[in-house]
Every structure is written in C-alpha cells, then in structure tokens.
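To start, the structure under review is shown below, and the notes come after it.
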Amino acid sequence: MADDCSRPLDFETRQIHAGSVVDAETHARVTPIYQTAGYVFDDFDDGEDRFAGRSRHRAYSRNDNPTNAVAGRRIADLEGGVDGIVVSSGQAAIAAAINALAESRDHILATRSLYEGTREMFRGILRRQGIVFEYVDDDATEDDWARRFRPNTKAVYTETLPNPLNQVVDIARLAAIAHTAGVPLVVDNTVPTPYLWRPIEDGADIVVHSTSKWLSGHGSVIGGAVVDAGQFDWAAHAGRFPQLTESPRPGVPSFVERFGAGALLAYLRTVIVLEYGPTVPPLSTFLLLHGIETLSVRMDRHVQNAQAVAEWLEGRPEVARVHYPGLEGDPYHELARRYLPLGAGSIVAIDLAGGREAARRFLDALELISPMTHIGDVRTLAIHLGSTIHAKLTEAERLEAGITPGLIRLSIGLESVRDLIADLERGLVAAAD
Ligand SMILES: *Cc1c(COP(=O)(O)O)cnc(C)c1O
C-alpha cells in the first residue's frame with residue numbers, strides 16, 4: 001500500500017513508535033530503563049558544555065533521562081505539541097506548569113469545575129506562594145470573562161472533561177477568550193487522553209496530564225506530564241512573561257531567543273524541574289510507555305463499557321442522576337458530540353437517591369468493583385466523594401461544587417459489562433434496603 005508516503009502516521013502507530021530511539025549500543029527494540037543518576041563526561045570541556053546546555057549529551061537525571069525523554073516526546077506527539085516532559089505526578093505537572101507561568105502576586109483565572117486535588121493546591125500551597133486564583137463559571141459570558149482579566153493575569157486554567165462530574169468545557173471558546181486577553185490557556189487533559197480529545201487542536205497552549213490514569217492504564221505507577229503546543233507568542237506579551245523574554249544573566253539570550261517555539265518547555269526543563277526536582281523514576285516511565293502503546297485499544301473499550309453502564313444506571317430507581325455526557329439527556333451531550341466523537345470518557349458519576357447512607361451500603365456490598373481512590377485503571381473503581389476527596393470542604397462548599405451526599409464516582413474498567421452490571425445491581429439492591 002504505497003499510496004501516500006508523505007502522509008503523517010496515524011495515532012495508533014504513533015502511540016507505539018513516536019519519540020523512541022533505538023539504543024545505539026544494544027539495538028534494543030523496547031525503550032530501555034536508563035536507571036542512572038548521571039552521565040560520564042568525555043573530558044573537562046565536555047562537562048562545561050553539558051552544564052551550559054551546549055552539548056547534546058545529558059548531565060543529570062533529575063531533569064533529563066533518556067527513558068523519560070521518550071515518554072515526554074511521545075505524549076507531546078500524541079497531543080500535537082512541540083515537546084513535553086514527564087514528571088513525578090499529575091499534581092507535580094500542574095504545579096510545574098503554574099510555576100513556569102506565574103509568581104508571587106500574579107493572578108490566574110480558572111474554571112470552577114476542576115478536579116478537587118487541583119483546587120486544593122490552588123487554595124493551599126500555591127496561594128501561600130502568593131499566586132491568586134479566581135474561579136469563573138464555565139458558562140460565563142465572554143464579557144464576564146473579559147472583566148476578570150488583570151494586568152498580572154498569567155493564564156487561564158481548565159480541564160477538558162472535569163473529574164468527577166464530566167462538565168465538558170468548550171475549549172475553543174476559552175482559548176479565544178484567553179488569547180484575546182493575551183494569556184495562554186492551560187488544559188488538564190487527563191480524563192479523555194489525547195486519543196479522545198486533543199485540546200491543542202482547539203487552541204490550548206499547554207496541556208498537563210496525570211499519567212497515573214489512562215495513559216498508563218494499569219494502575220501501577222504515579223506520574224505526570226506537561227506538553228507545550230509551541231503556539232503562544234510570548235514575545236508579543238513580553239512584559240507579562242519576563243522569565244521567557246528577558247535575558248536570565250548578562251550575555252545569555254532569553255529563552256524565546258534561544259528556543260523559539262520550545263521556549264516554555266526549555267524553561268520548564270532547565271529551570272522549574274531542575275530547581276524543584278519533581279523527577280519521575282525511569283522504571284515508572286517504562287511502565288507508562290507500555291501503557292501508552294495500547295491506549296487507543298483500551299480507550300475504545302473503556303468508553304464502550306462506560307456508555308453501556310451509564311445507560312443501564314439511568315434506568316435504575318435507586319439512582320437519582322447519572323453524570324455522563326454520552327447520555328442523550330445529559331446537559332453536556334451537545335458539547336460531548338462536538339469534542340468527543342469517539343466517546344465521552346469512562347468516568348460515570350452517580351447520585352444515589354438515598355444519600356450518604358445509601359452510598360455506604362452500595363460500596364460495602366460491591367464484590368468485583370474496588371472501593372478506592374484513583375481512576376483510569378483496567379479495573380473498575382468506585383469512591384464516595386463527600387467522605388473522601390471532598391471531605392475537607394464544608395457541606396455548603398460541597399454542594400456548590402455539585403458534590404451531593406449520595407455522589408459516587410465510578411471509573412469504568414475493561415471487565416465484561418455483564419459482570420460489572422451484576423456487581424452494580426448488587427450494590428444498588430443493598431443501597432435501597
Ligand atoms: C488524578 C488527577 C490529577 C492528579 O494526578 P496525580 O498523578 O494523582 O498526582 C490531576 N488532574 C486530574 C484531572 C486527575 O484526575
């Protein structure tokens with residue numbers, strides 16, 4: 001089939017091959033685990049060159065390891081970015097991205113429907129560092145958004161498919177709003193993965209991931225990634241991002257002068273990750289790469305199972321509401337049709353009519369589905385949010401975030417739908433008792 005040799009490779013091919021390099025010495029086909037802290041200098045001058053970034057050889061694994069580099073390039077390729085870096089967790093990826101853009105007394109606008117771990121970091125450690133976060137309703141008008149920008153606003157932050165309630169965000173609209181104000185859009189794309197949604201194609205500038213979830217898919221590692229679309233024109237907003245547009249030391253060019261479209265990623269690698277050190281072990285990255293190789297195949301089954309389970313749950317009297325945008329009656333169904341044509345992800349959140357006590361009986365009756373925190377595993381997982389992830393909030397704050405007393409988050413795995421429904425039925429019968 002020598003039809004079109006210039007055609008770019010398909011997603012399914014790139015998830016297996018993108019970013020990999022055959023080991024020069026051994027010709028190993030699988031990316032090896034380069035379990036080493038550092039790399040021997042050829043001689044005195046080579047050491048100096050490596051520290052100055054003038055050599056293509058590495059210096060230290062804290063911010064530069066060959067196994068990790070393959071994963072960074074592969075995730076960037078799948079997202080359609082210029083480069084990426086893997087770090088120790090999703091939280092570390094978010095913290096690194098924010099720290100690369102903002103410092104004390106800066107301001108960031110965010111959509112309200114964010115993952116609670118992110119909100120906790122925004123009102124916790126990052127606020128103590130002096131960064132001010134302001135939340136805007138996802139569906140606020142253009143004028144409402146425009147009014148919130150300040151001269152010190154450094155980013156708009158959002159999630160494509162928010163964990164746990166799946167309120168699909170109109171990324172193209174938010175990108176336009178952010179760009180009109182001269183700031184980049186940062187998007188957490190953990191839940192759909194680049195197989196279901198590539199927000200860079202809709203205008204996102206920086207994509208962050210918890211690779212602990214579907215990208216790995218096996219539930220055996222913690223990791224994160226930051227991808228730079230390479231599209232934001234930092235130089236056009238030079239006063240806002242001096243860390244990228246001004247010379248760091250006399251005689252040294254700025255990151256933009258030196259790295260062009262790769263400026264932000266270079267800054268992340270050589271300043272943020274170098275200084276903070278959120279390094280992911282190469283062994284974890286090896287396992288991540290094995291997960292990514294089968295991403296499309298797994299995601300197809302994840303969404304198929306999630307859709308079937310959501311449709312079954314919708315008909316059950318014990319369930320007051322199913323939050324899944326693949327359902328026709330879901331308020332986010334239209335946005336899901338537009339942005340998620342291959343499927344609406346595999347988180348299904350259900351609100352049990354019997355509230356907290358029904359949730360207790362439901363979870364304690366499950367035999368196959370694992371009651372635990374985590375999502376994006378081959379196994380189906382369930383958690384009561386109000387007593388765990390959202391437990392530090394007041395009742396009023398929980399309700400404002402849509403976390404009702406009977407809310408259970410299901411992360412639908414790859415087991416047979418028949419077995420999943422049998423276990424859910426067991427739980428719902430107990431919940432109604
Ligand atoms: C889990 C999660 C994170 C945090 O990732 P960790 O790898 O657990 O640190 C960030 N964002 C979203 C949407 C998540 O689901």
Side-chain angles (χ1 to χ4, degrees), residues 68 71-72 75 79 84-99 108 110-126 133 138 155 157-169 171 186-197 199 204 206-227 273 276-281 284-285 287-288 291-292 299 302 306 323 325 340 344-349 372-377 379 381-383 385 388-390 401-403 407 409-413:
N68 290 349
I75 296 169
E79 287 285 4
I85 188 166
V86 289
V87 291
S88 55
S89 66
Q91 292 295 99
I94 297 164
I98 299 291
N99 274 299
I108 287 180
T111 49
R112 219 177 271 289
S113 56
L114 297 182
Y115 164 63
E116 181 58 18
T118 305
R119 292 195 52 145
E120 199 170 0
M121 171 169 37
F122 286 1
R123 71 171 168 269
I125 187 74
L126 290 182
F133 291 87
D138 299 19
Y157 186 95
T158 193
E159 265 167 59
T160 39
L161 187 55
N163 168 10
L165 291 176
N166 291 321
Q167 307 99 319
V168 184
V169 170
I171 296 292
V186 184
V187 177
D188 182 334
N189 196 35
T190 297
V191 175
T193 81
Y195 178 63
L196 298 179
W197 191 345
I206 296 153
V207 175
V208 293
H209 274 283
S210 166
T211 59
S212 326
K213 316 290 171 56
W214 292 266
L215 282 175
S216 289
H218 34 56
S220 47
V221 289
I222 297 289
V226 185
V227 171
V273 175
Y276 277 101
T279 311
V280 64
S284 294
T285 303
L287 295 168
L288 164 63
I292 294 174
M299 291 312 289
H302 272 297
H323 300 265
L340 293 158
S346 62
I347 288 182
V348 177
M372 58 181 276
T373 192
H374 193 45
I375 49 175
D377 196 313
R379 287 151 282 260
L381 318 175
I383 190 165
L385 294 164
T388 60
I389 294 171
H390 297 80
I403 309 300
L407 194 69
R409 179 185 71 192
L410 301 168
S411 174
I412 303 299

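Numbers for residues simply follow the sequence, beginning at 1. We count ligands from 1, going down the list as the structure has it; atoms in each ligand are counted the same way. Bear in mind that the values here come from a model prediction, so they are computed numbers and not experimental data.
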Would one find an N or O of S212, backbone or side chain, under 3.5 Å from an N or O of ligand 1? yes
State, yes or no, whether a side-chain contact exists between R119 and R112 at a heavy-atom distance under 4.5 Å. yes
A student checking ligand 1 against E159 at a 4.0 Å heavy-atom cut-off should list atoms 13 (C)
Test your reading of the structure: does N163 have an N or O sitting under 3.5 Å from an N or O of ligand 1? yes
Does any N or O atom in V191 lie less than 3.5 angstrom from one in ligand 1, N or O only? no
Does any part of the side chain of V87, heavy atoms only, come nearer than 4.5 Å to the side chain of Y276, both counted from C-beta? no
Are I98 and F133 close enough that some pair of their side-chain heavy atoms sits under 4.5 Å apart? yes
If we number the atoms of ligand 1 from 1 as shown, the ones under 4.0 Å from a heavy atom of D188 are 10 (C), 11 (N), 12 (C), 13 (C)
N189 versus E79, side-chain donor and acceptor atoms under 3.5 Å: yes
What are the atoms of ligand 1, with element, lying closer than 4.0 Å to any heavy atom of Q91? 4 (C), 5 (O), 6 (P), 9 (O)
Sub-4.5 Å side-chain heavy-atom contact between R409 and T373: yes
Among non-hydrogen protein atoms, atom 1 (C) of ligand 1 lies closest to K213 NZ, 1.4 Å
Under 4.0 Å from ligand 1, counting heavy atoms only, is it the side chain of I375, its backbone, both or neither? side chain
Against ligand 1, does A93 come closer than 4.0 Å with any heavy atom? no
Evaluate the ring planes of Y157 and F122, with Trp represented by its six-membered ring, and classify them as parallel (under 30°), tilted (30 to 60°) or perpendicular (over 60°). perpendicular
Does any non-hydrogen side-chain atom of V169 lie less than 4.5 Å from one of P162? yes
Can you report which non-hydrogen protein atom sits closest to atom 6 (P) of ligand 1, along with the distance? G90 N, 3.3 Å
Taking only heavy atoms of I94, which atoms of ligand 1 are found under 4.0 Å from at least one of them? 10 (C)
Atom 3 (C) of ligand 1 [closest protein heavy-atom partner, distance rounded to 0.1 Å]: Y115 CE2, 3.3 Å
List ligand 1 atoms under 4.0 Å from G223, heavy atoms only on the residue side. 7 (O)
Just to verify, which of I222, N68, L288 counts as forming a side-chain contact (heavy atoms from CB on, under 4.5 Å) with V280? N68
Could you tell me if H209 and T211 have a donor-acceptor pair between their side chains, going purely by distance under 3.5 Å? no
